[in-house]
Amino acid sequence: MTHPLALKVADAVADLLADPVTAPVGSRTTTTDRQQLAYGPLGIALLHIERAAGGLGPWQRAHDWLAIAARQPFTSGSDSHPFYGAPALARTVACAAEHLPGSYQRALDTLDVQIATDIRRRLSAAHRRIDAELFPELAEFDLIRGLTGYGAYLLHRDPGSAAVRAVLDYCLRLTEPITDRGDILPGWWTASGPSGRPDEKFPGGHANTGLAHGIGGVLALLALAARHRILVDRHHDAMRTILAWLDRWQEETGRGPAWPYWVTRAELREGQHAPSTPRRPSWCYGTAGLARAQQLAALALGDIRRQTEAEKALVSALTDRVQLKATTDNGLCHGTAGLAHIAAWMATDAHPSTVRQLRATIPALLATVCPPGIAPADTALTMVRDEKAGPGFLNGAAGIALALQAPATAVPPHSGWDACLLIA
(Lines give C-alpha, C1' and ligand atoms only; values in the text may rest on other atoms or scores of the structure.)
Protein backbone atom coordinates (compact mmCIF):
# COMPACT_ATOMS: atom_id res chain seq x y z
CA MET A 1 0.00 0.00 0.00
CA THR A 2 1.39 3.39 -0.97
CA HIS A 3 0.79 6.71 0.77
CA PRO A 4 0.53 9.30 -2.03
CA LEU A 5 0.56 12.40 0.17
CA ALA A 6 3.86 11.46 1.82
CA LEU A 7 5.35 10.76 -1.60
CA LYS A 8 4.16 14.13 -2.90
CA VAL A 9 5.80 15.89 0.04
CA ALA A 10 9.05 14.01 -0.59
CA ASP A 11 8.85 14.96 -4.28
CA ALA A 12 8.26 18.60 -3.38
CA VAL A 13 11.24 18.68 -1.01
CA ALA A 14 13.46 17.19 -3.72
CA ASP A 15 12.23 19.76 -6.24
CA LEU A 16 12.89 22.65 -3.88
CA LEU A 17 16.40 21.31 -3.30
CA ALA A 18 16.99 20.49 -6.96
CA ASP A 19 19.60 23.14 -7.71
CA PRO A 20 22.09 24.38 -5.09
CA VAL A 21 22.15 27.76 -6.82
CA THR A 22 18.40 28.39 -6.48
CA ALA A 23 17.45 26.22 -3.47
CA PRO A 24 16.02 28.25 -0.56
CA VAL A 25 18.81 27.36 1.85
CA GLY A 26 21.03 29.59 3.93
CA SER A 27 24.73 30.04 3.32
CA ARG A 28 25.48 28.02 6.45
CA THR A 29 24.39 24.85 4.62
CA THR A 30 26.96 25.29 1.85
CA THR A 31 29.75 26.97 3.84
CA THR A 32 29.95 26.35 7.58
CA ASP A 33 28.32 22.90 7.30
CA ARG A 34 29.87 22.00 3.95
CA GLN A 35 31.71 18.96 5.35
CA GLN A 36 28.91 17.81 7.65
CA LEU A 37 26.90 14.81 6.51
CA ALA A 38 24.32 15.64 9.17
CA TYR A 39 23.57 19.21 8.09
CA GLY A 40 25.31 20.17 4.86
CA PRO A 41 25.11 19.54 1.11
CA LEU A 42 26.24 15.90 1.42
CA GLY A 43 22.91 14.95 2.99
CA ILE A 44 21.01 16.75 0.24
CA ALA A 45 23.14 14.90 -2.30
CA LEU A 46 22.11 11.63 -0.62
CA LEU A 47 18.47 12.51 -1.20
CA HIS A 48 19.07 12.99 -4.92
CA ILE A 49 21.27 9.89 -5.16
CA GLU A 50 18.49 7.76 -3.69
CA ARG A 51 15.87 9.28 -5.97
CA ALA A 52 18.03 8.87 -9.07
CA ALA A 53 18.85 5.28 -8.15
CA GLY A 54 15.12 4.60 -7.90
CA GLY A 55 14.31 6.35 -11.17
CA LEU A 56 12.57 9.29 -9.47
CA GLY A 57 14.92 12.07 -10.48
CA PRO A 58 17.93 12.99 -12.61
CA TRP A 59 21.49 12.18 -11.56
CA GLN A 60 22.48 15.77 -12.38
CA ARG A 61 20.93 16.99 -9.13
CA ALA A 62 23.17 14.68 -7.11
CA HIS A 63 26.22 15.71 -9.15
CA ASP A 64 25.48 19.40 -8.56
CA TRP A 65 25.24 19.03 -4.79
CA LEU A 66 28.36 16.89 -4.64
CA ALA A 67 30.16 19.55 -6.68
CA ILE A 68 29.10 22.22 -4.18
CA ALA A 69 30.34 20.09 -1.30
CA ALA A 70 33.67 19.23 -2.94
CA ARG A 71 34.67 22.60 -4.35
CA GLN A 72 37.26 22.95 -1.57
CA PRO A 73 39.48 20.28 0.05
CA PHE A 74 37.94 18.09 2.72
CA THR A 75 39.32 17.58 6.22
CA SER A 76 40.98 14.21 6.77
CA GLY A 77 43.00 12.50 9.47
CA SER A 78 42.36 12.97 13.18
CA ASP A 79 40.08 15.98 12.67
CA SER A 80 37.61 14.00 10.54
CA HIS A 81 35.10 11.28 11.42
CA PRO A 82 32.34 9.26 9.70
CA PHE A 83 29.92 12.20 9.65
CA TYR A 84 32.48 14.94 9.00
CA GLY A 85 35.14 15.56 6.39
CA ALA A 86 36.62 13.06 3.95
CA PRO A 87 34.87 9.97 5.42
CA ALA A 88 31.49 11.69 5.11
CA LEU A 89 32.23 12.58 1.50
CA ALA A 90 33.34 9.00 0.79
CA ARG A 91 30.17 7.58 2.30
CA THR A 92 28.00 9.79 0.08
CA VAL A 93 29.99 9.27 -3.11
CA ALA A 94 30.04 5.49 -2.58
CA CYS A 95 26.23 5.42 -2.66
CA ALA A 96 26.30 7.07 -6.09
CA ALA A 97 29.22 5.06 -7.47
CA GLU A 98 27.38 1.77 -7.00
CA HIS A 99 24.85 2.88 -9.61
CA LEU A 100 27.27 4.71 -11.90
CA PRO A 101 30.08 2.26 -12.71
CA GLY A 102 33.35 4.10 -13.29
CA SER A 103 32.10 7.41 -11.95
CA TYR A 104 33.91 8.88 -8.97
CA GLN A 105 36.29 5.91 -8.87
CA ARG A 106 39.53 7.91 -8.66
CA ALA A 107 38.09 10.09 -5.93
CA LEU A 108 36.87 7.07 -3.98
CA ASP A 109 40.20 5.29 -4.29
CA THR A 110 41.98 8.34 -2.88
CA LEU A 111 39.46 8.70 -0.07
CA ASP A 112 39.65 5.01 0.81
CA VAL A 113 43.42 5.16 1.19
CA GLN A 114 43.06 7.99 3.68
CA ILE A 115 40.21 6.26 5.51
CA ALA A 116 42.23 3.05 5.82
CA THR A 117 45.08 5.05 7.38
CA ASP A 118 42.66 6.74 9.78
CA ILE A 119 41.14 3.40 10.83
CA ARG A 120 44.54 1.84 11.52
CA ARG A 121 45.53 4.85 13.64
CA ARG A 122 42.28 4.78 15.57
CA LEU A 123 42.43 1.03 16.15
CA SER A 124 46.02 1.23 17.37
CA ALA A 125 45.10 3.96 19.86
CA ALA A 126 42.03 2.03 21.02
CA HIS A 127 43.95 -1.18 21.65
CA ARG A 128 46.61 0.71 23.59
CA ARG A 129 43.87 2.26 25.69
CA ILE A 130 42.30 -1.14 26.39
CA ASP A 131 45.69 -2.62 27.28
CA ALA A 132 46.17 0.20 29.78
CA GLU A 133 42.74 -0.58 31.32
CA LEU A 134 41.48 2.96 30.74
CA PHE A 135 37.93 4.03 29.89
CA PRO A 136 37.10 4.82 26.26
CA GLU A 137 35.73 8.12 25.06
CA LEU A 138 32.42 7.97 23.21
CA ALA A 139 34.19 9.29 20.11
CA GLU A 140 36.43 6.23 20.11
CA PHE A 141 33.64 3.79 19.37
CA ASP A 142 30.34 5.49 18.54
CA LEU A 143 28.52 5.53 15.21
CA ILE A 144 28.75 9.24 14.50
CA ARG A 145 32.42 9.89 15.35
CA GLY A 146 34.04 6.56 16.08
CA LEU A 147 35.06 3.11 14.93
CA THR A 148 31.50 1.80 14.74
CA GLY A 149 30.83 4.45 12.09
CA TYR A 150 33.91 3.43 10.16
CA GLY A 151 32.79 -0.18 10.43
CA ALA A 152 29.41 0.76 8.96
CA TYR A 153 31.15 2.37 5.98
CA LEU A 154 33.42 -0.63 5.41
CA LEU A 155 30.54 -3.09 5.71
CA HIS A 156 28.75 -1.24 2.91
CA ARG A 157 31.79 -0.41 0.79
CA ASP A 158 34.19 -3.36 1.23
CA PRO A 159 32.58 -6.07 3.37
CA GLY A 160 35.24 -8.69 2.67
CA SER A 161 38.17 -6.56 3.75
CA ALA A 162 40.59 -7.29 6.56
CA ALA A 163 39.78 -3.82 7.90
CA VAL A 164 36.18 -4.89 8.62
CA ARG A 165 37.43 -7.81 10.68
CA ALA A 166 39.89 -5.57 12.51
CA VAL A 167 37.05 -3.24 13.52
CA LEU A 168 34.93 -6.23 14.61
CA ASP A 169 37.82 -7.59 16.68
CA TYR A 170 38.01 -4.23 18.41
CA CYS A 171 34.25 -4.33 19.09
CA LEU A 172 34.73 -7.67 20.82
CA ARG A 173 37.40 -6.22 23.10
CA LEU A 174 35.07 -3.32 23.87
CA THR A 175 32.59 -5.75 25.46
CA GLU A 176 35.16 -7.03 27.99
CA PRO A 177 34.48 -5.68 31.52
CA ILE A 178 36.55 -3.07 33.35
CA THR A 179 36.96 -2.97 37.15
CA ASP A 180 37.12 0.46 38.74
CA ARG A 181 36.92 1.33 42.45
CA GLY A 182 35.30 -1.99 43.21
CA ASP A 183 32.67 -1.69 40.46
CA ILE A 184 32.62 -4.11 37.56
CA LEU A 185 31.74 -1.96 34.56
CA PRO A 186 31.05 -2.79 30.92
CA GLY A 187 33.96 -2.12 28.58
CA TRP A 188 32.10 0.74 26.92
CA TRP A 189 31.77 2.70 30.17
CA THR A 190 32.96 6.27 29.70
CA ALA A 191 34.17 8.74 32.33
CA SER A 192 32.29 11.62 30.67
CA GLY A 193 28.68 12.65 30.29
CA PRO A 194 26.66 11.88 27.14
CA SER A 195 28.10 14.98 25.45
CA GLY A 196 31.54 13.39 25.58
CA ARG A 197 32.73 16.06 28.02
CA PRO A 198 33.07 15.96 31.82
CA ASP A 199 29.66 16.55 33.38
CA GLU A 200 28.88 17.11 37.06
CA LYS A 201 25.57 15.31 36.51
CA PHE A 202 27.57 12.16 35.70
CA PRO A 203 30.26 12.16 38.42
CA GLY A 204 31.15 8.52 37.86
CA GLY A 205 30.63 8.53 34.10
CA HIS A 206 28.00 6.47 32.33
CA ALA A 207 27.27 3.56 30.00
CA ASN A 208 25.57 4.88 26.88
CA THR A 209 23.01 2.58 25.25
CA GLY A 210 22.09 4.68 22.19
CA LEU A 211 22.41 3.56 18.59
CA ALA A 212 24.13 6.81 17.61
CA HIS A 213 26.47 7.29 20.57
CA GLY A 214 26.45 4.08 22.58
CA ILE A 215 26.65 0.32 22.62
CA GLY A 216 23.48 -0.01 20.55
CA GLY A 217 25.50 0.92 17.48
CA VAL A 218 28.14 -1.69 18.26
CA LEU A 219 25.41 -4.35 18.59
CA ALA A 220 23.91 -3.33 15.25
CA LEU A 221 27.30 -3.47 13.53
CA LEU A 222 28.06 -6.92 14.92
CA ALA A 223 24.59 -8.14 13.94
CA LEU A 224 24.73 -6.79 10.39
CA ALA A 225 28.21 -8.24 9.90
CA ALA A 226 26.95 -11.63 11.09
CA ARG A 227 24.03 -11.44 8.67
CA HIS A 228 26.62 -10.84 5.91
CA ARG A 229 28.38 -13.99 7.24
CA ILE A 230 31.36 -11.93 8.35
CA LEU A 231 32.32 -13.39 11.71
CA VAL A 232 35.31 -13.15 14.04
CA ASP A 233 36.17 -15.21 17.11
CA ARG A 234 33.64 -14.80 19.94
CA HIS A 235 31.41 -12.75 17.65
CA HIS A 236 28.15 -14.19 18.98
CA ASP A 237 29.43 -14.02 22.56
CA ALA A 238 29.96 -10.28 22.19
CA MET A 239 26.43 -9.79 20.90
CA ARG A 240 25.05 -11.82 23.80
CA THR A 241 27.05 -9.72 26.28
CA ILE A 242 25.46 -6.53 24.95
CA LEU A 243 22.01 -8.12 24.85
CA ALA A 244 22.38 -9.26 28.46
CA TRP A 245 23.21 -5.67 29.48
CA LEU A 246 20.12 -4.38 27.68
CA ASP A 247 18.01 -7.09 29.33
CA ARG A 248 19.41 -6.07 32.72
CA TRP A 249 18.30 -2.45 32.27
CA GLN A 250 15.08 -3.02 30.38
CA GLU A 251 12.17 -1.02 31.80
CA GLU A 252 8.46 -1.72 31.70
CA THR A 253 6.35 1.27 30.63
CA GLY A 254 2.95 -0.29 31.15
CA ARG A 255 2.58 -0.59 27.39
CA GLY A 256 5.71 -2.60 26.70
CA PRO A 257 9.46 -2.68 27.29
CA ALA A 258 11.76 0.30 26.82
CA TRP A 259 15.44 0.97 27.32
CA PRO A 260 17.18 3.91 28.96
CA TYR A 261 19.43 6.30 27.10
CA TRP A 262 22.24 5.56 29.57
CA VAL A 263 23.10 4.09 32.98
CA THR A 264 24.91 6.20 35.60
CA ARG A 265 27.36 5.00 38.28
CA ALA A 266 24.79 5.66 41.01
CA GLU A 267 22.16 3.64 39.14
CA LEU A 268 24.65 0.84 38.62
CA ARG A 269 25.39 0.64 42.35
CA GLU A 270 21.74 0.87 43.33
CA GLY A 271 20.73 -1.66 40.69
CA GLN A 272 17.85 0.43 39.39
CA HIS A 273 17.04 3.56 37.43
CA ALA A 274 16.32 6.90 38.94
CA PRO A 275 12.75 8.06 38.16
CA SER A 276 12.56 9.84 34.82
CA THR A 277 10.08 11.46 32.46
CA PRO A 278 8.89 9.51 29.38
CA ARG A 279 11.56 9.32 26.69
CA ARG A 280 11.01 9.58 22.95
CA PRO A 281 11.57 6.25 21.14
CA SER A 282 13.98 7.61 18.54
CA TRP A 283 16.68 6.27 16.20
CA CYS A 284 19.58 7.95 17.97
CA TYR A 285 18.53 7.08 21.52
CA GLY A 286 15.82 4.93 22.98
CA THR A 287 13.49 2.13 22.07
CA ALA A 288 13.20 2.45 18.29
CA GLY A 289 16.90 2.23 17.48
CA LEU A 290 17.54 -0.40 20.16
CA ALA A 291 14.56 -2.48 19.05
CA ARG A 292 15.99 -2.58 15.52
CA ALA A 293 19.48 -3.44 16.80
CA GLN A 294 18.03 -6.27 18.89
CA GLN A 295 15.91 -7.54 16.01
CA LEU A 296 19.02 -7.66 13.80
CA ALA A 297 20.97 -9.46 16.53
CA ALA A 298 18.15 -11.96 17.05
CA LEU A 299 18.04 -12.67 13.31
CA ALA A 300 21.79 -13.24 13.31
CA LEU A 301 21.54 -15.56 16.33
CA GLY A 302 18.42 -17.39 15.17
CA ASP A 303 16.59 -16.31 18.34
CA ILE A 304 12.91 -16.09 17.37
CA ARG A 305 11.76 -15.22 20.90
CA ARG A 306 14.05 -12.22 21.12
CA GLN A 307 13.18 -11.19 17.58
CA THR A 308 9.44 -11.08 18.26
CA GLU A 309 9.99 -9.33 21.60
CA ALA A 310 12.00 -6.59 19.87
CA GLU A 311 9.32 -6.20 17.21
CA LYS A 312 6.55 -6.02 19.82
CA ALA A 313 8.59 -3.44 21.75
CA LEU A 314 8.57 -1.14 18.73
CA VAL A 315 4.84 -1.67 18.19
CA SER A 316 4.24 -0.80 21.83
CA ALA A 317 6.36 2.35 21.61
CA LEU A 318 4.68 3.50 18.40
CA THR A 319 1.18 3.03 19.82
CA ASP A 320 1.89 4.59 23.22
CA ARG A 321 0.56 8.14 23.33
CA VAL A 322 2.88 9.05 26.20
CA GLN A 323 6.03 8.05 24.30
CA LEU A 324 4.83 9.56 21.03
CA LYS A 325 4.00 12.82 22.81
CA ALA A 326 7.68 13.06 23.74
CA THR A 327 8.53 12.96 20.01
CA THR A 328 8.27 16.61 19.08
CA ASP A 329 9.72 16.88 15.56
CA ASN A 330 9.52 15.12 12.21
CA GLY A 331 13.22 14.51 11.56
CA LEU A 332 15.15 11.37 10.80
CA CYS A 333 17.38 11.38 13.88
CA HIS A 334 14.86 11.68 16.68
CA GLY A 335 11.59 12.47 14.97
CA THR A 336 8.52 10.85 13.46
CA ALA A 337 9.86 10.30 9.95
CA GLY A 338 12.76 8.34 11.44
CA LEU A 339 10.30 6.18 13.38
CA ALA A 340 8.37 5.42 10.19
CA HIS A 341 11.58 4.43 8.40
CA ILE A 342 12.63 2.07 11.22
CA ALA A 343 9.13 0.56 11.34
CA ALA A 344 9.31 -0.12 7.60
CA TRP A 345 12.65 -1.90 7.92
CA MET A 346 11.53 -3.93 10.92
CA ALA A 347 8.37 -4.95 9.08
CA THR A 348 10.48 -6.08 6.13
CA ASP A 349 12.42 -8.47 8.38
CA ALA A 350 9.64 -9.27 10.84
CA HIS A 351 8.39 -12.62 12.05
CA PRO A 352 5.01 -13.53 10.49
CA SER A 353 3.35 -13.11 13.88
CA THR A 354 4.23 -9.41 14.15
CA VAL A 355 4.61 -8.14 10.60
CA ARG A 356 1.01 -6.88 10.31
CA GLN A 357 1.25 -5.05 13.64
CA LEU A 358 4.41 -3.28 12.54
CA ARG A 359 2.95 -2.26 9.20
CA ALA A 360 -0.16 -0.98 10.94
CA THR A 361 1.88 1.63 12.83
CA ILE A 362 3.16 3.29 9.66
CA PRO A 363 0.07 5.16 8.34
CA ALA A 364 -0.37 7.13 11.58
CA LEU A 365 3.31 8.09 11.60
CA LEU A 366 3.15 9.28 7.99
CA ALA A 367 -0.03 11.20 8.76
CA THR A 368 1.76 12.98 11.60
CA VAL A 369 4.47 14.17 9.20
CA CYS A 370 2.05 14.82 6.33
CA PRO A 371 -1.44 15.48 7.77
CA PRO A 372 -4.39 14.98 5.40
CA GLY A 373 -5.42 18.13 3.57
CA ILE A 374 -2.03 19.81 3.47
CA ALA A 375 -0.55 21.28 0.31
CA PRO A 376 2.63 19.28 -0.39
CA ALA A 377 4.51 22.25 -1.86
CA ASP A 378 3.74 24.46 1.14
CA THR A 379 4.67 21.72 3.61
CA ALA A 380 7.94 21.09 1.79
CA LEU A 381 8.79 24.79 1.81
CA THR A 382 8.13 24.99 5.55
CA MET A 383 10.43 22.00 6.11
CA VAL A 384 13.23 23.42 3.99
CA ARG A 385 13.00 26.87 5.59
CA ASP A 386 12.85 25.58 9.18
CA GLU A 387 15.70 27.54 10.74
CA LYS A 388 16.21 25.11 13.60
CA ALA A 389 16.14 21.85 11.65
CA GLY A 390 17.52 23.14 8.35
CA PRO A 391 17.39 21.43 4.96
CA GLY A 392 19.89 18.69 5.80
CA PHE A 393 20.04 15.00 6.60
CA LEU A 394 19.76 14.13 10.29
CA ASN A 395 17.19 16.68 11.43
CA GLY A 396 16.07 18.49 8.31
CA ALA A 397 14.06 18.33 5.13
CA ALA A 398 16.36 16.07 3.08
CA GLY A 399 16.37 13.43 5.80
CA ILE A 400 12.61 13.61 6.21
CA ALA A 401 12.11 13.16 2.45
CA LEU A 402 14.47 10.18 2.46
CA ALA A 403 12.78 8.63 5.48
CA LEU A 404 9.29 8.96 3.98
CA GLN A 405 10.11 7.03 0.82
CA ALA A 406 10.41 3.44 2.08
CA PRO A 407 7.45 3.45 4.51
CA ALA A 408 5.26 5.19 1.90
CA THR A 409 6.04 2.62 -0.81
CA ALA A 410 7.01 -0.54 1.15
CA VAL A 411 10.11 -0.66 -1.08
CA PRO A 412 13.55 -0.64 0.61
CA PRO A 413 16.07 2.05 -0.36
CA HIS A 414 17.87 1.59 -3.68
CA SER A 415 21.15 3.30 -2.82
CA GLY A 416 21.90 2.07 0.67
CA TRP A 417 21.75 5.68 1.91
CA ASP A 418 20.76 4.51 5.40
CA ALA A 419 23.75 2.21 5.86
CA CYS A 420 25.28 5.07 7.84
CA LEU A 421 22.46 4.64 10.40
CA LEU A 422 23.23 0.92 10.95
CA ILE A 423 19.60 -0.10 10.62
CA ALA A 424 20.12 -1.99 7.34
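A donor-acceptor pair under 3.5 Å is absent between the side-chain atoms of Arg306 and the main chain of Leu299, judged by distance alone. Side-chain N or O atoms of Gln295 include one that pairs as donor or acceptor with a backbone N or O of Met346 at under 3.5 Å. With hydrogens and angles disregarded, no donor-acceptor distance shorter than 3.5 Å links the side chain of Thr190 to the backbone of Glu137. The backbone N or O of Ala350 sits nowhere less than 3.5 Å from a side-chain atom of Thr354 that would complete a donor-acceptor pair. At distances below 3.5 Å, at least one donor-acceptor pair connects side-chain atoms of Glu50 with backbone N or O atoms of Ser415. Counting only distance, with no hydrogens or angles, the side chain of Thr241 and the backbone of Asp237 share a donor-acceptor pair below 3.5 Å.
In this structure, Gln114 CD and Ile119 CD1 are separated by 10.5 Å, a value rounded to the nearest 0.5 Å. How far CG of Leu37 is from CZ of Arg91: 6.5 Å, rounded to the nearest 0.5 Å.
Ring pair Tyr104/His63 is tilted by interplanar angle, where 30° to 60° counts as tilted. Ring geometry, His341 versus Trp417: the interplanar angle falls from 30° to 60°, so the pair is classed tilted. Note: Trp262 and His206 have perpendicular aromatic rings, judged against thresholds of 30 and 60 degrees for the angle between ring planes.
Remark: Asp329 does not engage Lys388 in a salt bridge, criterion side-chain N to carboxylate O under 4.0 Å. Salt bridge Arg292/Asp349: present, at least one basic N to carboxylate O contact under 4.0 Å. Arg145 and Asp142 are joined by a salt bridge, as a carboxylate oxygen and a charged side-chain nitrogen come within less than 4.0 angstrom of each other. With respect to Glu251 and Arg279, a salt bridge is recorded, a charged nitrogen being found less than 4.0 Å from a carboxylate O.
Counting non-hydrogen atoms of neighbouring residues, nucleotides and ligands closer than 6.0 angstrom, the CD atom of Glu387 reaches no more than 12 such neighbours. In this structure, Arg321 places its CZ atom where only 12 or fewer heavy-atom neighbours from other residues, nucleotides or ligands lie under 6.0 Å away. Atom OH of Tyr285 has more than 12 heavy atoms from other residues, nucleotides or ligands within 6.0 Å.
For the residue pair His213/Asn208, the side-chain donor-acceptor check at 3.5 Å is not satisfied. Between the side chains of Gln36 and Asp33, not a single donor N or O lies within less than 3.5 Å of an accepting N or O.
For the pair Arg197 and Phe202, the cation-pi criterion (under 6.0 Å, within 45° of the ring axis) is not fulfilled.
Aromatic pair Phe135/Trp188: ring centres not closer than 6.0 Å. When ring centroids are compared, His273 and Trp249 come within the 6.0 Å threshold.
Scored by the side chain to side chain contact (heavy atoms under 4.5 Å, CB included) test, Arg61 finds Ala14, Asp15, Ala18, His48, Pro58 as partners (sequence neighbours excluded). Residues passing the side chain to side chain contact (heavy atoms under 4.5 Å, CB included) test with Asp19, sequence neighbours excluded: Val21, Thr22.
Within the structure, side chain to side chain donor-acceptor pair (under 3.5 Å) pairs that include any residue of residues 75-85 comprise Gln35-Thr75 (at least two apart or interchain).
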Margin query: side-chain contact (heavy atoms from CB on, under 4.5 Å) for Cys95 and Leu46? Distances and angles first, verdict last.
Written below: CA-CA 8 Å; Cys95 288; Leu46 269 184; 4.0 Å; yes
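The two residues Trp59 and Ile49 come nearest to each other via the heavy atoms CH2-O, 3.9 Å.
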